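Only a predicted model underlies this, so the values are computations on that prediction, with no experimental measurement involved.
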Amino acid sequence: QVQLVESGGGLVQPGGSLRLSCAASGSIFSIYTMGWYRQAPGKQRELVAAITSGGKPNYADSVKGRFTISRDNAKNTMYLQMNSLKPEDTAVYYCNTNPPYTRNWGQGTQVTVSS
């Protein structure tokens, strides 16, 4: 397994921005396709964005044009830049491999978008 720690969440007003970080340890980070996932209360966890080991990104339709996924393999870190945030983006955000491994789920980081 890999050890993953998410950070950067918080409370932001609609239209605001946040930058999430995912720090990886205990793995050869650069070989994995990685993803950001989120889970809102009462809903299933969903894939928000993914990025291949070579840096190719893909996004859920709901966040296209607003979110940017990136990675720095030298730092074993992945990022999610979230702009133009909406209340429906409120969720706990997690990072994991893509496809995810159950044992890798961590605590996540809470993002709350509210006026």
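- In this structure, Asp89 does not pair ionically with Lys86, as no charged nitrogen and carboxylate oxygen lie closer than 4.0 Å.
- A pairwise comparison of heavy atoms in Gly35 and Met78 identifies O-CE, 3.5 Å as the closest pair.
- Remark: the backbone N or O of Thr33 is not paired with any side-chain donor or acceptor of Arg71 at under 3.5 angstrom.
- Between Leu80 and Arg38, the closest side-chain pair of non-hydrogen atoms is not below 4.5 Å.
- To the nearest 0.5 angstrom, Asn98 atom CG is 11.5 Å from Ile51 atom CD1.
- With contacts defined as side-chain heavy-atom distances shorter than 4.5 Å, the pair Val12/Met82 does not qualify.
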Trp105 vs Tyr94, ring-ring contact (aromatic ring centres under 6.0 Å, His included): CA-CA, chis, key distance, verdict: CA-CA 7 Å; Trp105 295 118; Tyr94 303 87; 5.8 Å; yes
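- The OH atom of Tyr93 sits 4.0 Å away from the CZ atom of Phe67 when rounded to the nearest 0.5 Å.
- Linking ILVMFWY side-chain heavy atoms closer than 4.5 Å, directly or via other members, places Leu85 and Val63 in a single hydrophobic cluster.
- Ile69 approaches Trp36 most closely through the heavy-atom pair CD1-CD1, 3.7 Å.
- By the rule that hydrophobic residues join a cluster once side-chain heavy atoms approach within less than 4.5 Å of another member, Met34 and Val92 end up as members of separate clusters.
- Panel note: side chain Thr90, backbone Val113; a donor-acceptor pair is recorded below 3.5 Å.
- Counting heavy atoms from C-beta on, the side chains of Ser17 and Asn83 come closer than 4.5 Å.
- Across all non-hydrogen atoms, the minimal contact from Ala60 to Leu47 is CB-O, 3.7 Å.
- Side-chain heavy atoms closer than 4.5 Å link hydrophobic residues (I, L, V, M, F, W, Y) into clusters, and following such links, even through other members, never connects Val5 to Phe29.
- Panel note: side chain Gln110, backbone Gly9; no donor-acceptor pair is recorded below 3.5 Å.
- Scanning both residues, Ser30 and Ser53, for their nearest heavy atoms gives O-CB, 3.0 Å.
- With rounding to the nearest 0.5 angstrom, the SG atom of Cys95 is 9.5 Å from the OH atom of Tyr37.
- More than 12 heavy atoms of other shown residues, nucleotides or ligands fall within 6.0 angstrom of atom CD in Glu46.
- Hydrophobic clustering of Ile, Leu, Val, Met, Phe, Trp and Tyr side chains at less than 4.5 Å, counting indirect connections, unites Val48 with Leu18.
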